[in-house]
Visitor: 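The structure under discussion is supplied below as structure tokens; questions concerning it will follow.
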Amino acid sequence: MVPASGVDKVPAPNEDAEDFHLPSGLHFEGPFKILTRLSAILIIGVMAGIFLLLVLESVPVFHKFGFSFITASSWNPVSNKFGALASIVGTLATSFIAVLFGVPLALGSALFLNELCPFKLRSPLSTMIELLAAIPSIIYGMWGLFVMVPIMSHFIQPAMIKHCGHIPYVGGLFQGPPFGIGTLTAGLILSVMILPFIASVSLQAFATVPASLREAAYGTGANVWEVCRTVLIPFTKASLIGAIMLGLGRALGETMAVTFVIGNAHRLSVSLLAPGTTISATLANEFAEAFGDTYISSLLALGLILFLITFVILMITRMLFLYDKRRIPV
Amino acid sequence: MKPDPSVLLRRRIVNYCMLVLFTLAIFISIGALTAILWKLSFSGLKAFSPDVFLKSTPAPGSSGGLLNAILGSVILIVTAMVAAIPLGVLAGTYLAEYGRTSRLGDVIRFCNDILLSAPSIVIGLFIYGIIVLPSKHFSAWAGAASLCLIAIPVIVRTSEDMLRLVPNSLREAGVALGCPYWKMIVKIGWKSARPGIITGIILALARISGETAPLLFTSLNNQFTTLSMNVPISSLPIVIFQFAMSPYKDWQNLAWAGAFLITITVLGLSIFARQMLSPKRRS
Amino acid sequence: MIRQVRTIGFLALSVMFTCFFHAVFAGDITGAGATFPYPVYAKWAEAYKAKTGISLNYQSIGSGGGIKQIEANTVDFGASDMPLKVEELQKDGLVQWPMVMGGVVPVVNIAGIKKGELKLTGEVLANIYLGTIKKWNDPAIVKINESLKLPDQDIAVVHRSDGSGTTFLFTNYLAKVSKDWMDKAGSNTSVEWPTGIGGKGNEGVANFTAQTPGAIGYVEYAYALQNKLAYTMMANHEGKFVSPLSASFQTAAENADWANAPGFYLVLTDQPGANSWPITGASFILMHKEQAHPDRAKTALTFFSWCFANGSKMAEKLDYIPIPGSVVKIVKSVWLKEIKGKDGNAVYTAE
């Protein structure tokens with residue numbers, strides 16, 4: 001092929017060309033890849049390390065107490081007999097109350113922002129909801145102790161005891177002195193803590209509903225609630241459940257907010273107004289001063305149980321989100 | 001066929017009730033936020049004085065400030081971030097550039113998600129086991145290590161997400177011009193994703209500024225101002241915890257002042273980060 | 001090129017900065033333990049720092065924590081209100097001595113009841129904490145408080161959630177005066193409380209008691225004073241009702257025979273004496289016999305010696321009882337004999 005007239009200065013790729021050299025830094029290619037890979041493997045290492053540490057330290061405890069470690073509620077550092085039941089039940093009870101109150105609040109807020117909210121207010125209001133997520137948990141604890149506890153002990157709990165304490169079957173949930181501190185208060189504070197997570201993920205989910213579906217529903221004469229009920233919620237079901245599980249995961253692991261107001265009582269009691277304890281509150285309160293191998297191992301075994309519970313919830317959440325082709329939001 | 005008026009009425013009533021409930025829900029949510037911020041500002045500002053920044057934490061009954069706590073928090077956070085940023089960005093780079101489809105990448109992503117959502121107190125237990133017990137004392141190093149482990153998953157996640165957003169055409173253009181792969185990552189990938197990566201770092205910073213639980217049995221606390229890393233060090237969240245649970249009024253006031261300080265810092269950083277992040281995400 | 005140099009320089013600076021922090025400022029003396037003596041230890045540490053510039057960092061994490069930390073060698077000294085028995089001391093190579101004495105007082109939060117008005121006996125107190133007496137107008141309480149108007153209010157029991165020497169003293173007394181308590185809960189730094197909420201440290205108990213209407217808690221006397229809580233009168237060994245004052249603590253402490261107590265193991269609850277306060281106790285310091293860091297140990301012991309010599313007034317102002325001079329002599333001889341460095345020489349040099 002005869003080259004065009006303007007291209008007779010193309011350099012020939014041979015050894016004589018002095019201005020041809022390989023790009024600089026090729027030698028660093030391998031090390032860089034190894035560096036990034038090592039940093040990434042560190043993540044696996046940490047996770048494996050946590051798991052290993054907790055399991056290794058817990059083995060003597062399960063060896064000593066067997067399965068009764070999980071079913072016994074007596075936690076006695078003096079006689080060295082430890083039972084995790086009170087902590088586990090407390091964790092589950094506070095998280096259950098948190099989800100019970102938090103999910104309606106969160107979904108209601110998300111639906112409001114999606115359907116009812118004037119357009120101009122939408123952005124500031126959703127930012128404010130996200131701000132709730134940014135407040136450190138110790139602030140929730142302080143606010144709970146100084147604001148919610150007096151309100152509970154002076155107004156809400158006496159009213160509960162007076163009016164609900166006598167109802168057969170459920171009355172037992174509302175008996176006892178109005179401490180203000182206790183499982184119910186901890187659950188309520190947790191519900192305020194988890195609602196921003198559930199609300200923001202739900203809001204993002206609702207935004208993915210195709211406009212045509214919504215408009216079609218409105219077009220057939222459905223009112224707002226019916227559109228939510230028949231279109232929005234069913235369409236985003238997987239994401240909503242994922243959001244709820246995300247909130248549940250947070251509530252299970254929350255430490256500081258709960259430690260302030262749970263009352264630190266290693267006792268099982270039917271009443272919601274009674275003090276209790278959660279796994280994370282037990283760890284926060286007792287770890288720094290636990291002495292004796294059995295005591296420390298029991299606490300680490302509690303940590304393992306908590307880690308396993310949150311692990312399972314996370315697995316379920318992950319499966320739900322993968323179903324929806326997204327990743328768990330940060 | 002005429003629509004049944006009673007059914008219409010019922011639907012209307014149900015709709016109205018549900019809408020009222022939604023509005024109530026948002027009111028309660030925003031109301032809770034307002035109540036918390038109000039109480040925080042009210043009690044926090046009341047306790048503020050130049051002393052807060054000038055004096056160390058006092059014995060009960062004396063006056064003082066939060067100097068050692070603030071300094072301690074800054075030292076812990078800076079040390080943690082100095083370690084977390086390179087490790088996190090490099091790991092995120094691996095996931096986005098080399099490990100997009102590999103099995104190892106999937107496993108790492110899974111572990112990262114777990115660590116991201118794991119209770120921070122469990123991280124504290126881990127550091128207690130591997131640093132405090134063998135070294136036989138609490139130290140600021142242990143506290144910084146636990147904060148580092150909490151920050152890394154956040155940075156890994158956002159770095160990976162931001163690097164993935166860089167269009168492949170840019171990458172291909174770089175490689176086509178003869179750029180070594182690693183240099184392309186650094187000069188093209190990191191450069192384009194830089195705002196997003198920095199935002200992720202700010203998010204991690206906001207997250208660890210408010211963490212208390214992992215510090216409870218790693219860095220413990222210190223009554224005096226110290227700059228050594230090998231001894232227990234004070235930190236704002238721990239001091240707030242101790243002072244708020246006490247019955248002394250001057251301690252409680254200082255706790256509110258510290259709480260106010262932390263919240264402003266964290267909220268400010270979070271708002272800044274999320275503002276930067278959202279338009280980028282949508283693009 | 002310049003950019004690389006700048007980055008490397010910045011990194012190097014950060015590393016040097018961190019190392020600088022580590023190198024220049026050596027650690028302070030750290031101690032951890034009981035919340036019982038914390039108000040007076042904190043005051044002493046503050047005054048000592050003002051005088052000598054040496055920082056003594058004391059973390060009040062509870063007696064249980066203090067024992068654990070000194071056994072694990074993570075602090076220079078531990079503090080506990082529960083004295084360790086001689087076998088336990090020998091097992092861990094520790095030496096203990098009493099540093100200061102004080103009283104544990106029950107405090108209440110009942111509308112209309114002021115400090116020193118409510119009277120309680122050991123038996124009634126035990127039953128309240130066992131949960132068998134549930135309301136303030138229970139006949140058992142009304143019987144000993146005829147002149148007071150007690151409300152029909154649930155008793156909100158507050159106890160310690162952490163391992164506490166204050167709990168040890170309190171339960172030791174209850175176990176002495178109530179067989180039911182001895183059987184059901186016993187006496188130790190942490191027991192299985194039949195009822196009530198747990199506060200962390202003396203501070204937590206004081207806080208919860210002050211905040212909860214109808215509450216009863218037990219705290220070291222300085223905490224009751226500082227937080228203006230309503231303390232109660234107690235019936236002592238002779239059956240007489242006494243108020244918690246330094247005079248009644250002093251009377252109880254007078255009978256303490258420190259010279260003949262091996263390892264200084266003495267519990268001062270339920271002491272005889274017409275004006276003795278029934279729940280008095282001493283707070284102990286624990287240190288290792290063999291010191292790996294003799295200079296730190298010497299600094300700590302010099303501090304304690306200073307407190308013995310100059311801290312009495314500060315202690316009395318907070319209603320603690322200082323250790324009598326004769327006992328201080330015995331304590332110092334124990335230091336010289338028992339606390340040694342690796343080379344076998346005594347760490348403490350008498351000044």
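Below, read A as the first sequence line, B as the second, and so on, with proteins coming before strands; counting in each chain starts at 1. Please read these numbers as outputs of a predicted model, since none were measured by experiment.
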Visitor: Answer with side chain, backbone, both or neither: which region of Leu132(A) has an atom nearer than 4.5 Å to a non-hydrogen atom of chain B?
Guide: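 It is both, since atoms from each part get that close.
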Visitor: Side chain, backbone, both or neither: which part of Ile44(A) has an atom under 4.5 Å from a heavy atom of chain B?
Guide: both
Visitor: For the interface with chain A, which of Thr263(B), Ile271(B), Leu267(B) has the highest count of heavy-atom pairs at distances below 4.5 Å?
Guide: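 Maximum pair count with chain A is reached by Leu267(B).
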Visitor: Heavy-atom pairs under 4.5 Å with chain A - which of Glu97(B), Lys39(B), Glu211(B), Arg207(B) has more of them than the others?
Guide: Lys39(B)
Visitor: What residue in Leu105(A), Leu35(A), Asn223(A) has the most heavy-atom pairs under 4.5 Å with chain B?
Guide: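 Going by pairs under 4.5 Å, I would pick Asn223(A).
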Visitor: For Ile262(B) and Pro136(A), work out which heavy atoms get closest and say how close.
Guide: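 So the two residues come closest at CG2-CG, 3.6 Å.
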Visitor: Tell me, please, which residues at least two apart from Phe28(A) pass ring-ring contact (aromatic ring centres under 6.0 Å, His included).
Guide: Trp182(B)
Visitor: Who among Cys17(B), Ala206(B), Pro180(B) has the most heavy-atom pairs with chain A under 4.5 Å?
Guide: Pro180(B)
Visitor: What part of Val147(A) is in contact with chain B, defined as an atom under 4.5 angstrom from a non-hydrogen atom: side chain, backbone, both or neither?
Guide: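 Answer is side chain: those atoms of Val147(A) sit under 4.5 Å from chain B.
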Visitor: With a 6.0 Å cut-off on the ring centroids, do Phe260(A) and Phe241(B) count as close?
Guide: yes
Visitor: Quick one: pull up CE in Met128(A) and CD1 in Ile30(B) and give me the separation to the nearest 0.5 Å.
Guide: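 It comes to 4.5 Å.
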Visitor: Could you check whether atom CZ of Phe51(A) has more than 12 heavy atoms from other residues, nucleotides or ligands sitting under 6.0 Å from it?
Guide: no
Visitor: Looking only at side chains, do Thr36(A) and Thr93(B) share a donor and an acceptor under 3.5 Å apart?
Guide: no
Visitor: Run Leu90(B) and Arg37(A) through side chain to side chain contact (heavy atoms under 4.5 Å, CB included) and show every step you take.
Guide: CA-CA 8 Å; Leu90(B) 284 173; Arg37(A) 186 180 281 179; over 6 Å; no
Visitor: Would Glu226(A) and Asn15(B) count as a side chain to side chain contact (heavy atoms under 4.5 Å, CB included) if you check the C-alpha gap in whole Å, the side-chain angles of each, and the deciding distance to 0.1 Å?
Guide: CA-CA 7 Å; Glu226(A) 282 161 358; Asn15(B) 183 45; over 6 Å; no
Visitor: Answer with yes or no after comparing the ring centroid distance for Trp225(A) and Tyr16(B) against a 6.0 Å cut-off, counting only values under it.
Guide: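 Distance test on ring centres: not under 6.0 Å, no.
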Visitor: Is Pro196(A) in contact with chain B via its backbone, its side chain, both, or neither, using a 4.5 Å heavy-atom distance?
Guide: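 Neither; nothing under 4.5 Å.
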Visitor: With a 4.5 angstrom heavy-atom cut-off, could you sort out which part of Thr127(A) is near chain B: side chain, backbone, both or neither?
Guide: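 No part of Thr127(A) comes within 4.5 Å of chain B.
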Visitor: When rounded to the nearest 0.5 angstrom, what distance separates OG1 in Thr255(A) from CG in Leu216(B)?
Guide: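 Thr255(A) OG1 to Leu216(B) CG: 8.0 Å, rounded to 0.5 Å.
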Visitor: Testing the basics here: between Arg11(B) and Gly221(A), what is the closest heavy-atom pair and its distance to 0.1 Å?
Guide: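 For Arg11(B) and Gly221(A), the tightest heavy-atom pair comes out as NH2-O, 3.1 Å.
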Visitor: Chain A heavy atoms under 4.5 Å from Val156(B): which part of the residue, side chain, backbone, both or neither?
Guide: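 Only the side chain of Val156(B) comes within 4.5 Å of chain A.
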Visitor: What residue, out of Val192(A), Leu111(A), Leu113(A), has the most heavy-atom pairs lying under 4.5 Å from chain B?
Guide: Leu111(A)
Visitor: Identify which part of Leu38(A) has an atom lying under 4.5 Å from any heavy atom of chain B, answering side chain, backbone, both or neither.
Guide: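 No part of Leu38(A) comes within 4.5 Å of chain B.
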Visitor: Under 4.5 Å from any heavy atom of chain B, what part of Leu53(A) do you find: side chain, backbone, both or neither?
Guide: side chain
Visitor: Please give me the minimum heavy-atom distance between Phe126(B) and Gly49(A), naming the atom from each residue.
Guide: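 Scanning both residues completely, I find the closest heavy atoms to be CE1-C, 3.3 Å.
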Visitor: Which pair of non-hydrogen atoms, one from Ala25(B) and one from Pro104(A), has the smallest distance, and what is that distance?
Guide: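 Looks like CB-O, 4.3 Å.
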Visitor: Flag yes if more than 12 heavy atoms outside Lys33(A) fall under 6.0 Å of its NZ atom; otherwise flag no.
Guide: no
Visitor: From Ile28(B) CD1 over to Leu195(A) CG, what is the distance, rounded to the nearest 0.5 angstrom?
Guide: 9.5 Å
Visitor: At a heavy-atom separation under 4.5 Å, does Cys117(A) approach chain B through its side chain, its backbone, both, or neither?
Guide: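 No part of Cys117(A) comes within 4.5 Å of chain B.
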Visitor: Is the CZ atom of Arg12(B) crowded by more than 12 outside heavy atoms at less than 6.0 Å?
Guide: no
Visitor: If you compare all heavy atoms of Gly303(A) against all heavy atoms of Val122(B), which two are closest, and at what distance to 0.1 Å?
Guide: O-CG2, 4.2 Å
Visitor: In Å and rounded to the nearest 0.5 Å, what is the CZ to CD1 distance from Phe307(A) to Ile114(B)?
Guide: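 Reported value, rounded in 0.5 Å steps: 7.0 Å.
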Visitor: What's the spacing between Tyr128(B) OH and Glu57(A) CD if we round to 0.5 Å?
Guide: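 Nearest 0.5 Å value for the OH-CD distance: 9.5 Å.
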Visitor: Among Val107(B), Leu149(B), Ile26(B), which has the most heavy-atom pairs under 4.5 Å with chain A?
Guide: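 Answer, by heavy-atom pair count under 4.5 Å with chain A: Ile26(B).
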Visitor: Which answer fits Ile185(B), side chain, backbone, both or neither, if we ask what part of it has an atom under 4.5 Å from a heavy atom of chain A?
Guide: side chain
Visitor: Is chain B contacted by the side chain of Met256(A), its backbone, both, or neither, given a heavy-atom distance below 4.5 Å?
Guide: side chain
Visitor: Between Leu283(A) and chain B, with a heavy-atom cut-off of 4.5 Å, which part of the residue counts as in contact: side chain, backbone, both or neither?
Guide: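 Both parts, backbone and side chain.
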Visitor: Taking atom CZ of Arg109(B) and atom CZ of Arg318(A), what is their separation to the nearest 0.5 Å?
Guide: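 Atom-to-atom, Arg109(B):CZ and Arg318(A):CZ are 8.5 Å apart.
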Visitor: Can you say whether Leu42(A) sits under 4.5 Å from chain B via the side chain, the backbone, both, or neither, judging by heavy atoms?
Guide: side chain
Visitor: For Trp190(B) and Phe32(A), which heavy atoms make the closest approach, and how far apart are they?
Guide: CZ2-CZ, 4.2 Å
Visitor: Contact part of Glu130(A) toward chain B, heavy-atom cut-off under 4.5 Å: side chain, backbone, both or neither?
Guide: side chain
Visitor: Please identify, among Phe311(A), Phe146(A), Tyr140(A), the residue contributing the most non-hydrogen atom pairs under 4.5 Å to chain B.
Guide: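 Ranked by contacts with chain B, first place is Phe146(A).
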Visitor: Just give me the residue among Thr310(A), Thr259(A), Ile313(A), Ile50(A) that pairs up with chain B most often, heavy atom to heavy atom, under 4.5 Å.
Guide: Ile50(A)
Visitor: Can you say whether Leu125(A) sits under 4.5 Å from chain B via the side chain, the backbone, both, or neither, judging by heavy atoms?
Guide: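 Backbone plus side chain of Leu125(A), per the 4.5 Å heavy-atom cut-off to chain B.
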Visitor: Just give me the residue among Ile138(A), Leu306(A), Leu252(A), Ile129(A) that pairs up with chain B most often, heavy atom to heavy atom, under 4.5 Å.
Guide: Ile138(A)
Visitor: Select one option (side chain, backbone, both, neither) describing which atoms of Leu145(A) are under 4.5 Å from chain B's heavy atoms.
Guide: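 Answer is side chain: those atoms of Leu145(A) sit under 4.5 Å from chain B.
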